[in-house]
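One structure below.
All figures in this text were calculated on a predicted structure; none of them were measured in a lab. So that the names make sense, note that chain A is the first sequence line, chain B the second, and so on, each numbered from 1.
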Amino acid sequence: MSNLLHNLNEHQLAAVTLPNQHALILAGAGSGKTRVLTTRIAWLIQAGNASPASILAVTFTNKAAKEMTVRLGAMLTANIRGMWLGTFHGLCNRLLRAHHRDARLPQLFQILDTGDQLAAVKRVMKALQVDEDKFPPRQVQYWIADAKEKGERAGDVQVVDDISRKYVEIYAAYDEQCQKEGVVDFAELLLRSFELLSRNEVLCEHYRNRFRHILVDEFQDTNVLQYRWLKLLAGPGSSIFAVGDDDQSIYRFRGANVGNMADFERDFRVQNVIRLEQNYRSQGNILSAANQLIAHNRNRLGKNLWTSAGEGEPIRVHEAASDGYEAAWLVEEVQTLVREQGMARRDIAFLYRSNAQSRVLEHALFSAGIPYRVYGGQRFFERMEIKHALAYLRLLANTDDDGAFLRVANFPVRGIGARTLEQLQDTAAAAGVSLYRAAQQLQGAAATKVGVFLRIIDTLRSETNDLPLPEVVEHMLDRSGLLAHYRAERDGADRVDNLNELINAAASFEQERPIALPPMVEIEPPAPAPGPAVAQGDGGLFDAPVNPPAQPLSAPLSDDAASALVDGGAPNEAPPPTDPLALFLAHAALESGENQAAEGMDALQMMTVHSAKGLEFHAVFITGLEEGLFPHEQSVMEDDGLEEERRLMYVAITRARTRLYLSYAKTRLLHGQTRYNIASRFLDEVPDELTKWLTPKLGMGMANEPSWLSSPSSGSNASGQTPPKGRDPGHGYRIGQNVSHAKFGQGVIVSAEGSGTDARLQINFGRHGVKWLSLEFAKLSPA
DNA sequence: GCGTTAGTTATTTTT
DNA sequence: TAACTAACGC
């Protein structure tokens, strides 16, 4: 045990060894947050204070869950079987599987990912004949998710006008459709399990008694519903150990509520608030920059990072004439770092605010022959061919899954057109059955073609009944015709590879399952065949009689379930369903897979600031530091938007260990148009004494364009220095020129109109917006 | 029923 | 610019 606590600093130690009381750990960037969290768990177990089964640890990402699992494995020799460690969604999935009847779900309910959900929303809207122009499906989807994340069902939402009435109507129909099909979306996982626990007192009591120690990672990212879920689960004998950093809250746009931290402190009368402020990552100047920048935010719990490391190097700032020049300079600097500092490329990162910015950078890196890796983008389980394959598997697990049915009924093409499907949908709706059911009863010409599809599903099911999962997948690929279809396609080679990779994914999923049960990651010793924790089978004590789906969400807890539990003593927490197919499908939805492979090569790292959270690099380049880009123009409109952007900048800065570069371009090609920008206000918020300008601070710094930039898009104007085509406007100003205005300050000329004293100039003043000014009246001076 | 073309529209992302 | 969607013609 002593070596467990070895090397912890005073505050980390205090946090780890806190008594069993609620605690809020304000863990600054690089302060050893994950270490504290995992050591706390290990300490609880090793000191004999807690049994693993009494621990519930929640994270946001599968990555974080996995990392904690690995670290715990290294710390503990003890058997930690029975601990619940996973993402909110993974845990809820587990809960709902275990108590699917109480939750009014089929045992093999399927999980909709974002794309599936959008398709489902569109389907509902079509059935309700809602105008998609008036109610964009994406917005509706967002709205529904938002409502669910606030814990509101359709009936709970306030109707204030015709618009919201329509939204509510769609929401209700959508939920009904999901219920009928036996599918749940991401937000539903949470809401449904929240309702399950709040409705079922006995069940809730059981888990409250069980989980005496609830630990939450990235607490600043929790949404309202997640917080309520935690509140519900924390009984009188439980304590919540929440770790978070309000300054790193950057997901408000998807429902994260930083306010939860303050609410938690108040609601639970938290006595133990511990700040972890010693940073083990960055050198002094970098930390100072971060501290002083974030000090501009008003709503903070307050925290100041410090380090015992020296000041280190100054923060280097670079101004480029255009995005092309910026990229060229970045490449040059990277080459110097690698050549002269011997820095590995994998220790260098280019960060940017939005994905669109990566293109120029990639182009420059590619031309220079520097290996790089771009994070983000398509994930394995989201690829079209994989979604098709999964749809077949979903139909095997659950024929009521209309979404899956529609996706592959005519893929590969078998002559079932939109007309047939529409007709099928009508019959199904009229009879109140699934498409599959309706298809079985179909008469007429279309019946034969639909029959072909049905037969594929049916034979597949009977053939694969007892096969191991990878073979099920293999059969499906073959019998569905998917493999043949992509083999015949000219550019289908990659897709064929991916489909084959799906067999591997299934195989390794099966293999890892006894040890780690993704995404739930329950640590267990290898279980004897036929699988992990095959307990008393389905129909355990908690299982209520199936309720009629008529009022699926509000029916009271059945007496049977309650009495069974009371009589039964030790409650059966019901093992996860042993159906490997359903588990695999849940895994595919909840853990959409690696973004990109190609690990191993020493490649420079490129990603958005958002996806850099939690990572660190020796050298970090924060690029595109321009007003309108970073902070993003859209965000400046929202309230608290600017503060969130600043937190984003704070996250970006604190990724760097020894070297930090900030760069911006005066001119950038965006949406096919050249934009003239001024430097980000965040540059001003980093104190001068910490920075070293590599270009003159009010610079020009022109050179010839790099040869690889000589595309038509970056000619003349893009340099930001040449006047617009046509005759001389005769007022001495030119596009791209920096000017200064008495009231609006620094700006850059975006475009011009007229000539002489009649001329009007359009000037981008950054935070003051883009303005048209008349040359005659405006007090302008070149800057 | 299916492939092609014109029009539209642009953050951030995990589950 | 480029990616994606919706409507159009075969």
In whole angstroms, how far is the [atom2] atom of [N] from the [atom1] atom of [X]?
X        : N      : atom1 : atom2 : value
A:Leu191 : B:dT15 : CG    : P     : 20 Å
A:Gln220 : B:dT13 : CD    : C1'   : 15 Å
A:Glu132 : B:dT8  : CD    : C1'   : 15 Å
A:Leu648 : B:dT12 : CG    : P     : 11 Å
A:Arg353 : B:dT11 : CZ    : P     : 10 Å
A:Asn223 : B:dT13 : CG    : P     : 18 Å
A:Lys126 : C:dA6  : NZ    : C1'   : 13 Å
A:Gln357 : B:dT11 : CD    : C1'   : 10 Å

On a whole-Å scale, what distance lies between the P atoms belonging to B:dT13 and C:dC4?
->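 Approximately 15 Å lies between the P atom of B:dT13 and that of C:dC4.
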
Out of [options], which has the shortest distance to the side chain of [X]?
X        : options                : value
A:His89  : B:dC2, B:dT15, C:dT5   : B:dT15
A:Thr87  : B:dT12, B:dT11, B:dT15 : B:dT15
A:Ser611 : B:dT11, B:dG1, B:dT13  : B:dT13
A:Val413 : B:dT13, B:dC2, B:dA10  : B:dC2
A:Arg359 : C:dA2, B:dA10, B:dG1   : C:dA2
A:Thr61  : B:dG1, B:dT14, B:dT13  : B:dT14
A:Thr608 : B:dT13, C:dA2, B:dA10  : B:dT13
A:Ser354 : B:dG1, B:dT11, B:dT15  : B:dT11
A:Arg379 : B:dT14, B:dT11, B:dA10 : B:dT14
A:Asn410 : B:dT15, B:dC2, B:dT11  : B:dC2

A:Asn223 and A:Asn257: side chain to side chain contact (heavy atoms under 4.5 Å, CB included), yes or no, with the steps?
-> CA-CA 5 Å; A:Asn223 62 37; A:Asn257 175 31; 5.5 Å; no

For A:Phe253 and B:dT12, do the ring centres fall under 5.5 Å apart while the planes stay under 30° apart?
->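 Ring-base stacking flag set for A:Phe253 and B:dT12.
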
Could you check whether [X] gets within reach of a base, just the sugar-phosphate, or nothing at all, counting any heavy atom under 4.0 Å?
X        : answer
A:Ala589 : nothing
A:Gln673 : nothing
A:Thr420 : sugar-phosphate
A:Asn355 : sugar-phosphate
A:Phe88  : nothing
A:Glu638 : base

I would like to know whether A:Met607 and A:Val374 meet side chain to side chain contact (heavy atoms under 4.5 Å, CB included); could you show each step before the answer?
-> CA-CA 6 Å; A:Met607 65 198 80; A:Val374 186; over 6 Å; no

Identify, between A:Val609 and A:Gly417, the residue whose nearest nucleotide on DNA chain B lies closer to the 5' end.
->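 Its nearest nucleotide being more 5', the pick is A:Gly417.
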
Do NZ/NE/NH1/NH2 and the carboxylate oxygens of A:Glu644 and A:Arg647 come within less than 4.0 Å?
-> yes

Conformer about C1'-N of B:dT12 - syn within 90° of 0, anti elsewhere = anti

Are side-chain N/O atoms of A:Tyr664 and A:Glu326 paired as donor and acceptor at under 3.5 Å?
-> no

Report the C-alpha separation of A:Lys666 and A:Glu626 in whole Å, then their side-chain angles, then the decisive distance to 0.1 Å, and conclude whether the salt bridge (Lys or Arg N to Asp or Glu O under 4.0 Å) test is met.
-> CA-CA 8 Å; A:Lys666 299 206 295 180; A:Glu626 295 134 43; over 6 Å; no

Under 3.5 Å, is there a donor-acceptor pair between the side chain of A:Asn62 and the main chain of A:Leu590?
->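 Yes, because the side chain of A:Asn62 sits within donor-acceptor range (under 3.5 Å) of the backbone of A:Leu590.
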
How are the rings of A:Phe584 and A:Phe381 set to each other: parallel, tilted or perpendicular (split at 30° and 60°)?
-> perpendicular

